Amino acid sequence: MSRARRLKRRKRRSRLWIVLLTFLVILAAGYAGFHAVVRPPDQKDGGRPDVAQTQGPLPAENLTDEEADAFRSHYERKDAFYTILVSGTDGGGGNSDTNILLAVDAANSSIYGVSIPRDTKANINGKNHKINAAFALGGMELLADVVAEQLGIPVDYTVSVDLQGFRALVDAVGGVDFYIPVNMNYDDPIQNLSIHFSKGMRHLTGAEALKVVRFRHNNDGTGYGGSEDIGRMQTQQDFLKAVAKQVLTPSSLTKLDDFVKIFQKYVKTDLSLGNLAWLGTEAVSIGVDGIEFSTLPGDWKSPYIYLNKEEVLSVVNQYLNPYVEDRLPEDMNIPG
């Protein structure tokens, strides 16, 4: 399969995760609007007090006025532009399963999401790891720091979603009718996981749905044929479409309280209720046409995906950069 087609698949999959997450965020935002003052989030400086847009201390002494002005200019923030790292987790303290950096440009009515491959090479605490290990080692705070260091831009806020919330969401809508594309027969005693479904249409509960979307191959190695990851991605995509179709209906409005409870139980964020209300309003105003997604460009060389520094810099400056000035290669720290 061509690189372009693989990227297209990843874009569609990322979009579906974000559709469901955004739906939960907007519902919570509507709830928040009744309980908090609606206000935009504060912009952050990536943990560097010397880059604030005020007359703060500079990173080195004895700078000329011209050098000091140039430094401050390089870190001047755009108006109403926020970066939010969204991660899907299993709630068990392990690695993050899905990581997407959202750039919300409210001033220009756009939202751009970039999926960060879980196998991306990263240097964490002086050792090489896959980037999704940062969550297990230090939670969302460390993961955000690693992403910010690699891309040379701050991560303003984080949102982590326990994937058990996906199970709860399916149950909240009464289950989902879905065509299972292959016979599934897999057992993993270590994980206490058994997946046994026959090919065909079936009404899935939340617990059953999680098994279907986790399936890679059968005990004898058969299953999707070809690439098991591509087959699983296609099944996830098709199932998420089915969930989104069922959730985003007028009848689901009667389940608003249930959806809000799911958000409160399974979503953790450092955004306030008022911030969520403001972002939810902006997202609705921007609409689907103003939302785009892609994947950070890189190449697989076992055991890591190595990001393409030049292509990543282009993506950062075109879509993710919260600063007025373009980022430079020396702003990023992508391991080779």
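None of these values were measured; they are calculated from a predicted model.
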Could you tell me whether the side chains of [X] and [Y] share a donor-acceptor contact shorter than 3.5 Å?
X	Y	value
His196	Asp187	yes
Thr89	Asp162	no
Asn333	Glu149	yes

Please walk me through it: do Asp331 and His74 pass side chain to side chain donor-acceptor pair (under 3.5 Å)? CA-CA 10 Å; Asp331 290 315; His74 192 59; 2.9 Å; yes
With side chain to side chain donor-acceptor pair (under 3.5 Å) as the criterion, how do Ser96 and Asn132 come out once you've worked through the C-alpha distance, each side chain's angles and the decisive distance to 0.1 Å? CA-CA 5 Å; Ser96 54; Asn132 66 333; 5.2 Å; no
Connected via hydrophobic side-chain network under 4.5 Å: Val155 and Phe81: no
Parallel, tilted or perpendicular: which fits the ring planes of Tyr112 and Tyr319, with parallel below 30° and perpendicular above 60°? parallel
Looking at Tyr304, does the NZ or CZ of Arg118 lie under 6.0 angstrom from its six-membered ring centre and within 45 degrees of the ring axis?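 Judged by the rule, Arg118 and Tyr304 form no cation-pi pair.
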Crowding at CG, Asp220 (>12 non-hydrogen neighbours, <6.0 Å): yes
Please check if atom CD in Glu141 has more than 12 non-hydrogen atoms from other residues, nucleotides or ligands closer than 6.0 Å. no
Should Ile180 and Ser198 be marked as a side-chain contact (heavy atoms from CB on, under 4.5 Å) after you check the CA-CA gap, both sets of side-chain angles, and the distance that decides it? CA-CA 7 Å; Ile180 299 174; Ser198 297; over 6 Å; no
Separation between CG (Asn219) and CD1 (Ile195), nearest 0.5 Å, reads 9.5 Å
Rounded distance (nearest 0.5 Å) linking atom CG of Leu320 with atom CG of Leu296: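 Nearest 0.5 Å value for the CG-CG distance: 7.0 Å.
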With a 4.0 Å cut-off on N to O distance, would you call Asp156 and Arg77 a salt bridge?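 Salt bridge: yes.
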Is the shortest heavy-atom distance from the side chain of Phe197 to the side chain of Asn183 under 4.5 Å?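 Result no, sub-4.5 Å side-chain heavy-atom pair not found.
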Please name the residue in the list Tyr224, Tyr186, Phe239 that meets the ring-ring contact (aromatic ring centres under 6.0 Å, His included) test with Phe215.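 It is Tyr224, the one option of Tyr224, Tyr186, Phe239 that forms the ring-ring contact (aromatic ring centres under 6.0 Å, His included) with Phe215.
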Between Asn218 (side chain only) and Gly221 (backbone N and O only), is there a donor and an acceptor less than 3.5 Å apart?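 No; zero donor-acceptor contacts below 3.5 Å.
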